[in-house]
Amino acid sequence: MLSKVEVVQGDITKLAVDAIVNAANEFMLGGGGVDGAIHRAAGPKLLEACRVFPEVRKEVRCPTGDCRVTPGFQLPAKFVIHTVGPIWRGGYSGEESLLESCYRRSLQLSIWLGCRSIAFPAISCGAYSFPIDKAAALSVRTIQSVLNSGAAFEQVILIAFERETYDAWRHALIEAERTR
Ligand code: APR
């Protein structure tokens, strides 16, 4: 089933897929990195749409590991699924299960929306310092388990901004195919 998963290098805001995933923060009102790029490309209506979500607790619209969906507005993608990855604190604070939850819940939400194509950035691997090799193996494993459960995706894109991320995801995919 991993045949539907491809790794590319580039800018997620250019992808004409049903859903792109945003590596947001819990406040969900934009930021730097891919969050900033997506808000810039989507236009100001994206921020308005994010503001609509109620704070589940002070300054938290989307808890870490969870996700929320908005339209894509000026983006070529139909939807933006905002997810909040964990900040890497050494690996003993449940970071791996929280990151797995980001991928799993984003996929489940996109299935519910009827999406057939989805693109992920390397969630938590920038400002949140999650080690890319760990994140690459974990994301491929999680996507593989959702695809193996019969999810009808035509395309799952892992889009790397940097070459190092691209290489880590390629290696993780090759390893997953080899150990299938
Ligand atoms: N397209 C694809 N990937 C991108 C893009 C882009 N246009 N811009 C950045 N990236 C990559 C980064 O290079 C990194 O590999 O996305 C990955 C995630 O990095 P961050 O965007 O820093 O996200 P994260 O580590 O999850 O930190 C989230 O940073 O930007 C703020 O508001 C955000 O507070 C939140 C925190």
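First listed ligand is number 1; within each ligand, the first listed atom is number 1. Quick note: numbers below take in every heavy atom, side chains included, and nothing from hydrogens, waters or symmetry partners.
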Colleague: Report the nearest protein non-hydrogen atom to atom 32 (O) of ligand 1: residue, atom name, distance rounded to 0.1 Å.
Modeller: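 Result: D35 OD2, 2.8 Å.
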Colleague: I need the Y128 OH to T64 OG1 distance, nearest 0.5 Å.
Modeller: 7.0 Å
Colleague: So which of A24, A119, S124, G10 gets nearest to atom 26 (O) of ligand 1, if we judge by its closest heavy atom?
Modeller: S124
Colleague: Starting from atom 1 (N) of ligand 1, locate the nearest protein heavy atom and write down its residue, its atom name and how far away it is, to 0.1 Å.
Modeller: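 Here the nearest protein heavy atom works out to I12 N, 3.0 Å.
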Colleague: For R170, what residues pass the side chain to side chain contact (heavy atoms under 4.5 Å, CB included) criterion, not counting sequence neighbours?
Modeller: V7, Y166, L173, I174
Colleague: What residue and heavy atom of the protein are closest to atom 23 (O) of ligand 1, and at what distance?
Modeller: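 Minimum-distance protein heavy atom for atom 23 (O) of ligand 1 reads A23 CB, 3.7 Å.
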Colleague: Of F27, F161, W88, which has the heavy atom at the shortest distance from atom 5 (C) of ligand 1?
Modeller: F161
Colleague: Which protein heavy atom lies closest to atom 18 (C) of ligand 1, and at what distance to 0.1 Å?
Modeller: A122 O, 3.2 Å
Colleague: Any N/O of S129 closer than 3.5 Å to an N/O of ligand 1?
Modeller: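 The answer is no, given that S129 and ligand 1 share no N or O pair closer than 3.5 Å.
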Colleague: List the atom of A168, the atom of A136, and the distance in Å for their closest heavy-atom pair.
Modeller: O-CB, 3.6 Å
Colleague: Would I159 count as being in polar contact with ligand 1, using the rule that some N or O on each side must be under 3.5 angstrom apart?
Modeller: no
Colleague: To the closest 0.5 Å, what do you measure between SG (C115) and CZ (F79)?
Modeller: 5.5 Å
Colleague: Is any N or O atom of G32, backbone or side chain, closer than 3.5 Å to an N or O atom of ligand 1?
Modeller: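 Between G32 and ligand 1, an N or O pair is found under 3.5 Å apart.
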Colleague: Could you check atom 25 (O) of ligand 1 against the protein and tell me its nearest heavy-atom contact, residue, atom and distance included?
Modeller: G126 N, 2.8 Å
Colleague: If you group Ile, Leu, Val, Met, Phe, Trp and Tyr whenever their side-chain heavy atoms sit less than 4.5 Å apart, what else falls in with F27?
Modeller: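 Noted: F27 shares its cluster with L29, L47.
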Colleague: Side chain to side chain contact (heavy atoms under 4.5 Å, CB included) for H82 and F53? Distances and angles first, verdict last.
Modeller: CA-CA 11 Å; H82 307 260; F53 291 101; 5.6 Å; no
Colleague: Could you state the interatomic distance from CZ (F73) to NE2 (H39), rounded to the nearest 0.5 Å?
Modeller: 10.5 Å
Colleague: I need the nearest protein heavy-atom contact for atom 12 (C) of ligand 1: residue, atom name and distance, please.
Modeller: E162 OE2, 3.9 Å
Colleague: Which residue and non-hydrogen atom of the protein lie closest to atom 29 (O) of ligand 1, and at what distance in Å?
Modeller: A127 CB, 3.6 Å
Colleague: To the nearest 0.5 Å, what is the distance between CD1 (I159) and CD1 (I12)?
Modeller: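 Reported value, rounded in 0.5 Å steps: 6.0 Å.
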Colleague: Answer yes or no: does an N/O atom from I123 fall short of 3.5 Å to an N/O atom of ligand 1?
Modeller: no
Colleague: State which residue, out of S145, S139, S97, fulfils the side-chain hydrogen bond (donor to acceptor under 3.5 Å, both in side chains) condition with R104.
Modeller: S145
Colleague: Counting heavy atoms not belonging to E175, are there more than 12 under 6.0 Å from its CD?
Modeller: yes
Colleague: Could you name the option among Y128, F120, F130 that has the heavy atom nearest to atom 28 (C) of ligand 1?
Modeller: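 Among Y128, F120, F130, the closest heavy atom to atom 28 (C) of ligand 1 belongs to Y128.
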Colleague: Can you tell which part of A37 has a heavy atom less than 4.0 Å from ligand 1: side chain, backbone, both or neither?
Modeller: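 For A37, the contact with ligand 1 is made by the side chain alone.
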Colleague: For atom 21 (O) of ligand 1, what is the closest protein heavy atom, and at what distance to 0.1 Å?
Modeller: V34 N, 2.8 Å
